[in-house]
Protein chains: 2
Amino acid sequence: MKASDYRLQTTQLLAGFASVGQEQDGGVTRLLYDAAWQKAQQAVASTMREAGLSVSIDTVGNVFGRLEGTDEAASTVMTGSHIDTVRSGGHYDGALGVAAGIAALARLKKTYGQPRRTLEVAAFCEEEGSRFPLAYWGSGNVTGSKDFTGSLDAKDPEGVSLRAAMLAAGYDPEEHGLSKRTDIGVFAELHIEQGEVLEREGTQIGIVDAIFGQRRYFVEIEGRSGHAGTTPMTIRADALAAGAEMIGWLRQAAIAAGDGLVATVGKLDVQPNLANVIPGKVRLSLDIRHRNETVIAAFCKLTLDSFSTIAERYGTSITMECWLAEQPSPMNEVLQAEISRVCDALGYSHRRMSSGAGHDAGLFAASCRTAMIFVPSRAGISHSPLEYTPPEDMERGTQVLTALLYALAYGEDER
Amino acid sequence: MKASDYRLQTTQLLAGFASVGQEQDGGVTRLLYDAAWQKAQQAVASTMREAGLSVSIDTVGNVFGRLEGTDEAASTVMTGSHIDTVRSGGHYDGALGVAAGIAALARLKKTYGQPRRTLEVAAFCEEEGSRFPLAYWGSGNVTGSKDFTGSLDAKDPEGVSLRAAMLAAGYDPEEHGLSKRTDIGVFAELHIEQGEVLEREGTQIGIVDAIFGQRRYFVEIEGRSGHAGTTPMTIRADALAAGAEMIGWLRQAAIAAGDGLVATVGKLDVQPNLANVIPGKVRLSLDIRHRNETVIAAFCKLTLDSFSTIAERYGTSITMECWLAEQPSPMNEVLQAEISRVCDALGYSHRRMSSGAGHDAGLFAASCRTAMIFVPSRAGISHSPLEYTPPEDMERGTQVLTALLYALAYGEDER
């Protein structure tokens, strides 16, 4: 297999997908079941067909391209990612894993013919949670690992329910459970890093050891509003001053914890938010992530205790509500070792790293052997029109994925 | 003079004014030259006439009620405040000083007849800066102490210029300079404290020694946005974390400075303000006030230096722009002593205090003897429908003002 024969293919496929849902700012918007999304799923299906794969679309709109194996008893080796995007997102997040998966299967078919184990590339319908207040509607239904009770009633910002959106796109909402699969033995996902570790180090391939677990909280601090000129410093109950000390504490504590733990206050809203009024109320977001659930739990407890102590010291009251708790997903160690071997064979530099972002692969980790391959993201930027990964990096990722799938589907591997 | 004869009068006048520009939430909105404001000025003029005062309206819409003195050579003793409000403001801010001034002049005329020195009560057209990006349009034109170059082109949020608003209300914008007065020897203003010092202490009357000077800044911190999960703590340039440390530093430094200095970050806006994105940019307001200009200048310098150091430590850049600088206005010491004497005579507890808020009196301080009398504000709340001062406190304030004006206009005092 000569890499140069196929280099154009991966970048071309990606460019094809990126042309669907284009925004004026250069970003793409494909929201679950909307018109751009429907067009993208059709483009994916056509591309898969042109690549010589047999195509099927399941009851929620996941698209699969299949290369049937000779060994009917063997479980399926699946790759892929998602085709939906955030609003005005980048070209690479999700779509790269779909494009590279199609390219990999096409290369394998062309070079080696029919595999022993069945190979599939999936384009999951939804991962971003950018239209409805739910996420992983694609891989969550395929793995059956997520509780979607009540999800059909979830509404988008225009008030359209998921149920209504499915009907409008030609899907029967009551049949979403039928998309569950039990034949998958391996899931391997190629994705952009969405961080700047690889780029800063000059490392070509990231081998993911775990997808971070995360907890997210709403924190609301209630103090006492007042006139900025007439209220002495010593009798204030300034909700923003209290929040500021919490933010400072959080950062120091996360740095002290080390070991890759990240803690972020990304959203902060002040009331009444006027230059000459002492803030009476502050609402802030809290996002804590690590690869180990015990570490997350301990750090969250420490944070909540510390925030309460700070709130009290400022004469403010505080409420903290956990609204999202995702367990970490360890990746399969044998597959990690296999990817290392593949990288060494191809001469690509590589490192183990955790994924701070959630991915479809995380949904598979509990039910089958799962792997993730990262390629660099320029400046770590994602969820933005500025998202960029050089063609060489996409090609290297595609080659590593292809070699991994070869080893799994054409070799003797089977567990 | 029996206080009980007049108690109803002050509260009644105030209730009359509060009925003009009523909002559903109980607040009042009277913006310079709008319909509610025009109605309020007419109500003030009628009330003054009913109180036996001769009424005039100047070229910007300030209304004056006059009690002519016998001594034509003596300068005028003026009281009053403003009749405009913030959006959905309280009933007391400004309007109390107008109502009490009318009540005081009516009481003096009824009890003592014509004064030696001319007495006037003013209802200034604008003090709050709530329609156009300028303030003190009333007292600033009367004193000629404010530079209004270019102000006629200032626009309200709907894009209407001050010039157009004046024309629509029947005023000639080019004649605003004609409202300047040179005959005023004393200006004394009764106002709610807009803070909670008097209420907390149980003190009945505040005698203002100075109106705070203030400086306000826009501060913009630019860091680097990034994914909250994939960006290690140690390579972040989190604009909000930097801002949080600045807020904490500011509070500690203001407490350490003591002597009544107040420093506030009341407004803070984060970009992109998403729970899972490291803040790339933060814009915050900075408001610093004290009675002494040298102290303000030194504290501002210390703050800007410290903010720069903090910004650098976080790998962020910072810009700071001063957009408002008002000098402190010391109140006349002889008048402060006279108000003390009056309070003692009436048996009302009193204390010296500075005004952290700006007032019309501040505009007069440079050109004539100026005094301010404060009455308590419940919980220090102002610029809100919840603004409240009990009738007894309004009456005490009116009595102190009346006695002060008596001493100045009927006695031998004249400088």
Side-chain angles (χ1 to χ4, degrees), chain A residues 193-197 200 212 214 216 224-236 238 240-241 243-248 250-251 254-255 258 260-270 272-279 285-287 289 355-358 377 379-384, chain B residues 193-197 200 212 214 216 224-236 238 240-241 243-248 250-251 254-255 258 260-270 272-279 285-287 289 355-358 377 379-384:
Chain A
E193 180 198 341
Q194 297 180 273
E196 47 190 321
V197 173
R200 279 183 176 236
F212 274 11
Q214 59 175 293
R216 292 203 203 164
R224 208 168 47 247
S225 190
H227 193 295
T230 62
T231 314
M233 297 305 295
T234 48
I235 66 170
R236 297 183 175 201
D238 183 331
L240 180 57
E245 184 162 337
M246 291 172 200
I247 292 167
L250 184 75
R251 180 172 169 273
I255 291 170
L261 185 139
V262 285
T264 308
V265 174
K267 185 168 161 61
L268 186 144
D269 294 296
V270 180
N273 209 31
L274 297 169
N276 61 347
V277 180
I278 298 160
S285 65
L286 181 58
D287 178 315
R289 310 192 194 196
S355 171
S377 301
I381 297 168
S382 81
H383 288 189
S384 154
Chain B
E193 180 198 341
Q194 298 181 272
E196 47 190 321
V197 173
R200 281 186 175 233
F212 274 12
Q214 60 175 293
R216 294 204 202 163
R224 208 167 47 246
S225 191
H227 194 296
T230 62
T231 314
M233 297 306 294
T234 47
I235 65 170
R236 297 183 174 200
D238 183 332
L240 180 56
E245 183 161 336
M246 292 173 200
I247 292 168
L250 184 75
R251 181 171 169 274
I255 291 170
L261 184 139
V262 285
T264 308
V265 174
K267 185 167 162 61
L268 186 145
D269 295 296
V270 180
N273 209 32
L274 297 168
N276 60 347
V277 180
I278 297 160
S285 66
L286 180 59
D287 178 315
R289 309 192 196 196
S355 171
S377 301
I381 297 168
S382 79
H383 288 190
S384 155

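Each chain gets a letter, A, B and so on, in the order the sequences are listed, and its residues count up from 1.
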Using non-hydrogen atoms only, which part of [X] is less than 4.5 Å away from chain B: side chain, backbone, both, or neither?
X      : value
A:T231 : both
A:R251 : both
A:V197 : side chain
A:L274 : backbone
A:N276 : both

What part of B:Q194 lies closer than 4.5 angstrom to a heavy atom of chain A: side chain, backbone, both or neither?
both
Atom group of B:V277 that falls short of 4.5 Å from chain A, counting heavy atoms
backbone
What option among B:Q214, B:M246, B:E196, B:H383 has the most heavy-atom pairs under 4.5 Å with chain A?
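That would be B:E196.
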Closest non-hydrogen atom pair between [X] and [Y], with its separation:
X      : Y      : result
A:L261 : B:M233 : O-CG, 3.4 Å
A:S285 : B:A275 : OG-CA, 3.5 Å
B:V265 : A:L240 : O-CD2, 3.5 Å
B:T230 : A:G195 : OG1-CA, 3.5 Å

